[in-house]
Engineer: 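One structure coming up, written as structure tokens, with questions to follow.
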2 protein chains.
Amino acid sequence: MVLPRAARTQRRTRIQEEKEELILEAALDVFATHGFRGSTIDQIAEVAGMSKPNLLYYFRTKEAMHRALIDRVLDNWLDPLREFDAEGSPVTEIRSYIRRKLEMARDFPRESRLFANEILQGAPHIEDELKGPLKSLVDEKAEVIRSWAKSGKIAKCDPYHLIFAIWSTTQHYADFDVQVRGVLGEEHSGEGRFEDAARFLEQLFVSGLEIRNGGA
Amino acid sequence: MVLPRAARTQRRTRIQEEKEELILEAALDVFATHGFRGSTIDQIAEVAGMSKPNLLYYFRTKEAMHRALIDRVLDNWLDPLREFDAEGSPVTEIRSYIRRKLEMARDFPRESRLFANEILQGAPHIEDELKGPLKSLVDEKAEVIRSWAKSGKIAKCDPYHLIFAIWSTTQHYADFDVQVRGVLGEEHSGEGRFEDAARFLEQLFVSGLEIRNGGA
DNA sequence: GTAATGTTTTACCAACCGGTCAAATTATCA
DNA sequence: TGATAATTTGACCGGTTGGTAAAACATTAC
């Protein structure tokens, strides 16, 4: 049989599992650094250590590879926000959300860059996800934050822009890594920068959202 | 004479000025949305409304166009940070730095995306600028912030990460515009979102950097 | 006006791109 | 083992890419 993968309905082989894994790993490397249009199948094939037709045996088109990658990564990417707990203490929740996002920036920078590239270039492949599942999740969590503000647990603030601020500050360390290292210089480009960032951001957001006595 | 522009040492004609302007404008459009590798000369030529060879008469290669664009935009991009004044009041300076950066995100989103694409993809064309002029400027301003913290005018914090936080939160509204609009929904995607963002970010940074009475 | 220079276009090229095909090779399992 | 299905490969295709050559056309300087 030479039916392409998408047409096969039955169980997947061991080889299929392994090779698809291998390909997506290589594709993540390439798509994350060059964006969809800037990436070539040959390049992914080379990174994956297989021939181009072989790669196309598992994913029929470049778009199919990208799609599969997005689908697999998006869920994990949103996990930290899902864990955001309405019942917890606001300060603790925000603090640990920041921490989790920073850990992801440190441990999965390619995944972050994959989305950054995609969104930067107008999100042509994930617009539906943005306006659907992502928006819903954010709406839900924004409501939680709003209720915290209303009941006087944190300062009044726009919950959406708070979430944007946490996203941008944390993902900055993955997406703009080259710039961060360039500015900090060789001597401060060890993993310690993530600790420094965590300290700074926790201070900024926690005391920035505290209710002040004489505040307006 | 058919000598390419780079070899011409003398005065530039009116046509040259106009056409180079036109080309760079089109190139900004294209490079900002697709990144260097994802952009094609044909595409830029089409946006500029001229033929490809005509375009290549003014800029001999795709890289030359990109280079010229980066050089022209980088300076303006750093202006807000340069205006950051050591003699001013910390709160005022930080507040107006945020405001200026947000205005640039609103008024010059393509310029922001041009750099975002470049840095995301490893800054292959501007690494020198990052480690040279940019680093120097940031070092200088970081020293100012450090002195403010030392003399008790603002809370103690890592000045580099403060600058990163201001960059990321403000540029987010240019670079991730599609996501911001997707999440906010049609009804909140007017220009008002920049006002909301300004209000939120000023509150966050100003009260986040205030000296607290009972603070650690 | 006309000669020199500056600008634009048409036609083109070699390399690369995403993708196909058929044949060769390897794994699976009765 | 051998038949059958799964995997891999080399050769190839039409379209696109960055870039060139040379001639046609426009502008300027005298």
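Letters A, B, ... mirror the listed sequences (proteins, then strands); counts begin at 1. Computed from heavy atoms alone, side chains included, the values below leave out hydrogens, waters and symmetry copies.
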Engineer: Are any of A:Tyr57's side-chain N or O atoms less than 4.0 Å away from OP1 or OP2 of D:dT8?
Structural biologist: no
Engineer: Quickly work out the B:Glu20 CD to C:dT7 C1' distance and round it to whole Å.
Structural biologist: 13 Å
Engineer: Using whole Å, what does the distance between atom P of nucleotide C:dG19 and atom NE2 of A:His66 come to?
Structural biologist: 13 Å
Engineer: Using a cut-off of less than 4.0 Å, is there contact between a side-chain N or O of B:Gln16 and OP1 or OP2 of C:dT7?
Structural biologist: yes
Engineer: Using a cut-off of strictly less than 4.0 Å, decide whether B:Lys19 has a side-chain nitrogen or oxygen near OP1 or OP2 of C:dG6.
Structural biologist: no
Engineer: Ignoring hydrogens and angles, does a donor from either the side chain of A:Lys52 or the base of C:dG18 sit under 3.5 Å from an acceptor on the other?
Structural biologist: yes
Engineer: Measure CD/B:Gln43 against C1'/D:dG18 and give the value in whole Å, please.
Structural biologist: 14 Å
Engineer: Looking at D:dT9, C:dC17, D:dG19, which one has an atom nearest to any side-chain atom of A:Pro53?
Structural biologist: D:dT9
Engineer: Expressed as a whole number of angstroms, how long is the span from A:Glu18:CD to C:dA27:P?
Structural biologist: 11 Å
Engineer: Taking only the side-chain nitrogens and oxygens of B:Asn54, find out if one of them lies under 4.0 Å from OP1 or OP2 of C:dT7.
Structural biologist: no
Engineer: Check whether any side-chain nitrogen or oxygen of A:Tyr58 sits under 4.0 Å from OP1 or OP2 of D:dA6, and answer yes or no.
Structural biologist: no
Engineer: What's the separation between atom CG in B:Asn117 and atom CZ in B:Phe36, rounded to the nearest 0.5 Å?
Structural biologist: 12.0 Å
Engineer: For DNA chain C, what dot-bracket results from Watson-Crick or G-U pairs at under 3.5 Å, with [ ] for crossers and | for inter-strand partners?
Structural biologist: ||||||||||||||||||||||||||||||
Engineer: I need the NZ-P distance between B:Lys62 and D:dT16, as an integer number of Å.
Structural biologist: 16 Å
Engineer: In whole angstrom, what separates A:Asp42's CG from D:dT17's P?
Structural biologist: 16 Å
Engineer: Can you measure from CD (A:Glu140) to CZ (A:Phe84) and round to the nearest 0.5 angstrom?
Structural biologist: 11.0 Å
Engineer: Kindly compute the distance separating CG (A:Leu56) from CE (A:Met65), expressed to the nearest 0.5 Å.
Structural biologist: 8.5 Å
Engineer: How long is the span from the OH atom in A:Tyr173 to the CD atom in A:Gln179, to the nearest 0.5 Å?
Structural biologist: 11.0 Å
Engineer: So, taking the atom named CD in B:Glu191 and the one named CG in B:Asp196, what distance separates them when rounded to the nearest 0.5 Å?
Structural biologist: 11.5 Å
Engineer: Nearest-nucleotide wise, let me know which of A:Arg37 and A:Met50 is further upstream toward the 5' end of DNA chain D.
Structural biologist: A:Met50
Engineer: Can you tell me the distance, in whole Å, between the CG atom of B:Leu56 and the P atom of D:dG19?
Structural biologist: 7 Å
Engineer: Can a side chain N or O of B:Ser51 be found less than 4.0 Å away from OP1 or OP2 on C:dT8?
Structural biologist: no
Engineer: Using a 6.0 Å cut-off, check whether atom CD of A:Glu46 has over 12 heavy atoms from anything other than its own residue.
Structural biologist: no
Engineer: For atom CZ of B:Phe194, is the number of surrounding heavy atoms from other residues, nucleotides or ligands below 6.0 Å larger than 12?
Structural biologist: yes
Engineer: Between P on C:dC17 and CD on A:Glu46, what's the gap in Å once rounded to a whole number?
Structural biologist: 11 Å
